[in-house]
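Numbering starts at 1 and runs along the sequence shown. Quick note: numbers below take in every heavy atom, side chains included, and nothing from hydrogens, waters or symmetry partners.
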Amino acid sequence: MAPSEITLYTTRTPNGIKASIALAELGLEYKKSDAFGHWRLTFFVQVHPISFAKNEQKEPWFLEINPNGRIPAITDKFEDGKPIHIFESGSILQYLADRYDIEHKISYPRGTREYYDINSWIMWQMGGLGPMQGQANHFFRYAPEKIQYGIDRYQNETRRLYRVIDTHLAKSPSGYLVGDRVTIADISCWGWVKAGSWAGIELDEFPALKAWMEKLRARPAFEQGADVPPATEAEKKPKTKEEEEKAAAEAREWIMKGQQADAKK
């Protein structure tokens, strides 16, 4: 296997933390590398924080990496020595597992039953949980006017999806989504469930899901990976309801600007 030269482009969003958690589970440590505030995984991974406020994800250099203009994305040196760009968080997880998880710490061998079960849960998250909860976030937090139908529609669909995963986890002997270990399936879903309250969804009615979330939160790699790039001290402090509204209002402003810019293209 050729030496890797991964650069991870990300922020601390439910999709953004997937790759950093996976890399941490594979046993790598983050260390500050230079005066510009970049962070490097020991030996071969550099982290480039993407600023939504500056619309960095829409800059031409980043669109060369991800034509869709979203995070996360990674670049790497492929086995032939040439660069490769991987975008979409589920695809990144599969790439890291296929290429770097030689000991199957967070995956199962290709062709096994568990391998395909993992793929099913990743597709479920990418096609259902992420989009539906993302829309719940938008109508509940960011829409310039409150549209109750939109809020109810997407919060209820998110609850239905939480119930799907809660029912599955209640039957799981290991407490994980697939097999007897944490896998990229768990990593794919965890960040969204962790952020459920931001969409107005609480976990008390989903006991198995809540236990799973706390079980994974207790893993050092999840704590470490969820803090990439590192939060400031102010960001780490619990927010009051007023502070949450202020944060939502600030995000709403650049979301609306982005939508207006996209509409002109």
What distance separates [X] [atom1] from [Y] [atom2], expressed to the nearest 0.5 Å?
X: Tyr100; Y: Ser107; atom1: OH; atom2: OG; answer: 14.0 Å
X: Ile50; Y: Ile71; atom1: CD1; atom2: CD1; answer: 8.0 Å
X: Lys58; Y: Phe52; atom1: NZ; atom2: CZ; answer: 9.5 Å
X: Thr13; Y: Lys18; atom1: OG1; atom2: NZ; answer: 8.5 Å
X: Lys210; Y: Leu169; atom1: NZ; atom2: CG; answer: 15.0 Å
X: Ile6; Y: Leu96; atom1: CD1; atom2: CG; answer: 5.5 Å

I'd like to know if the side chain of [X] reaches the main chain of [Y], judged simply by a donor and an acceptor atom lying under 3.5 Å from each other, with no hydrogens or angles considered.
X: Asp76; Y: Phe78; answer: no
X: Asp101; Y: Ile106; answer: yes
X: Asp227; Y: Ala231; answer: yes
X: Thr167; Y: Arg163; answer: yes

Going by the angle between their ring planes, with limits at 30° and 60°, are Tyr9 and Phe62 parallel, tilted or perpendicular?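 Ring orientation of Tyr9 relative to Phe62: perpendicular.
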Determine the interplanar angle of the Phe206 and Tyr162 rings, folded into 0 to 90°, and report it as parallel if under 30°, tilted if 30 to 60°, perpendicular if over 60°.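 Rings of Phe206 and Tyr162: perpendicular, over 60°.
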Should we say atom [atom1] of [X] is surrounded by more than 12 heavy atoms from elsewhere, each under 6.0 Å from it?
X: Gln148; atom1: CD; result: yes
X: Glu214; atom1: CD; result: yes
X: Lys194; atom1: NZ; result: no
X: Glu244; atom1: CD; result: yes

Evaluate the side-chain proximity of [Y] to [X]: yes if any heavy-atom separation is below 4.5 Å, no if none is.
X: Lys82; Y: Lys77; answer: no
X: Gln133; Y: Glu157; answer: no
X: Ile65; Y: Thr75; answer: yes

Hey, are [Y] and [X] close enough side-chain-wise for a donor-acceptor pair under 3.5 Å?
X: Arg181; Y: Tyr108; result: yes
X: Asn137; Y: Gln135; result: no
X: Trp212; Y: Asp166; result: no

Taking the six-membered ring for Trp, are His85 and Trp61 ring centroids under 6.0 Å apart?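 When the ring centroids of His85 and Trp61 are compared, they turn out to be at least 6.0 Å apart.
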Excluding sequence neighbours, so at least two apart, what forms ring pair (Phe, Tyr, Trp, His ring centres under 6.0 Å) with His168?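 Expected list: Trp121.
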Cationic tip of Lys146 above Phe139 ring, under 6.0 Å, 45° of axis: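 No, cation not above the ring by the 6.0 Å, 45° rule.
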Tell me which pairs pass ring-ring contact (aromatic ring centres under 6.0 Å, His included) where either residue lies in residues 215-243, with sequence neighbours left out.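 Output for this query lists Trp190-Phe222.
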